[in-house]
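Remarks on the structure that follows.
Since this is a predicted model, take the numbers as computed values, not measurements. Reminder, nothing fancy here: chain letters follow the sequence lines and each chain counts from 1.
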Amino acid sequence: MKGKGFFEKVYKIVRRIPSGKVMTYGQIAEILGSKDARKVGWALHSNKDPKVFCHRVVNKKGKVAANYAFEGWREQKRRLLAEGVTFTDETHVDLGKHLCATID
DNA sequence: AAAGTGACGCATT
DNA sequence: TAATGCGCCACTT
């Protein structure tokens, strides 16, 4: 694990997402100057660092990751609810209230 | 060095 | 409206 360029940048941003807020893959990719949202999701998939709040990252529709690594999307949802994030649907975060508009 | 992989996003059918 | 296709680009083997 020695800082892989892109991965580390992704982690750095995700670590800075405040509690009760969420960001999208595409949004993070854009901050990094990329257009590849998939790469962002992949970076998080590799990640195991509890400091990186990967549960605060959702897709553009606000939907939680269907293939969330640890306990499945329900675990991700549970963590978000615990932080005060509300859902519009069983699997969709209320982006209107919790989307973080860029960190930097 | 080349090919494969991937937690997405958007256009088109 | 839902489903499918394809581009995107760093990382791994």
Side chain to side chain donor-acceptor pair (under 3.5 Å) with T88(A): which residues, sequence neighbours excluded?
-> none
Could you pull out all residues at least two apart from R78(A) that satisfy side chain to side chain donor-acceptor pair (under 3.5 Å)?
-> E75(A)
Between dC11(C) atom P and F7(A) atom CZ, what is the distance in whole Å?
-> 6 Å
Atom CZ in R15(A), atom CG in N47(A): separation rounded to 0.5 Å?
-> 8.0 Å
Between C1' of dC8(B) and NE2 of H45(A), the distance in whole Å | 14 Å
How would you list, by chain and number, every residue that makes a side chain to side chain contact (heavy atoms under 4.5 Å, CB included) with K77(A), sequence neighbours excluded?
-> W73(A), L81(A), F87(A), E90(A)
Would you confirm whether Y11(A), through its side chain, and L44(A), through its main-chain N or O, come within 3.5 Å as a donor-acceptor pair?
-> no
Quick note, side chain to side chain donor-acceptor pair (under 3.5 Å) partners involving residues 16-30 of chain A, not counting sequence neighbours, are R16(A)-D104(A)
Contacts to DNA chain B from residues 25-35 of chain A, heavy-atom cutoff under 4.0 Å, which residues?
-> Y25(A), G26(A)
Rounded to whole Å, the CZ-P distance (R38(A) to dC10(B)) equals 14 Å
Any protein N or O atoms within reach of nucleotides 2-4 of chain B? Criterion: under 3.5 Å, listing atom names and distances.
none

To the nearest Å, give me how far apart CG (N59(A)) and C1' (dC8(B)) are.
-> 7 Å
On DNA chain B, check which nucleotide each of T24(A) and K39(A) is closest to and give me the residue with the more 5' one.
-> K39(A)
Send over the distance from K61(A) NZ to dA2(C) P, rounded to a whole Å.
-> 11 Å
From CZ of F6(A) across to C1' of dC8(C) the rounded distance in Å is 10 Å
Start with the C-alpha gap between I17(A) and V57(A), add the side-chain angles, then the distance that decides, and say whether side-chain contact (heavy atoms from CB on, under 4.5 Å) holds.
-> CA-CA 9 Å; I17(A) 300 176; V57(A) 184; 4.1 Å; yes
Could you pull out all residues at least two apart from K35(A) that satisfy side chain to side chain contact (heavy atoms under 4.5 Å, CB included)?
-> none
Scan for salt bridge (charged side-chain N to carboxylate O under 4.0 Å, His left out) pairs involving residues 55-64 of chain A, sequence neighbours excluded, and state none if there are none.
-> R56(A)-E83(A)
Rounded to whole angstrom units, what separation is found between the CD atom of E8(A) and the P atom of dA10(C)?
-> 16 Å
Round to the nearest Å and state the distance from D36(A) atom CG to dC11(C) atom C1'.
-> 11 Å
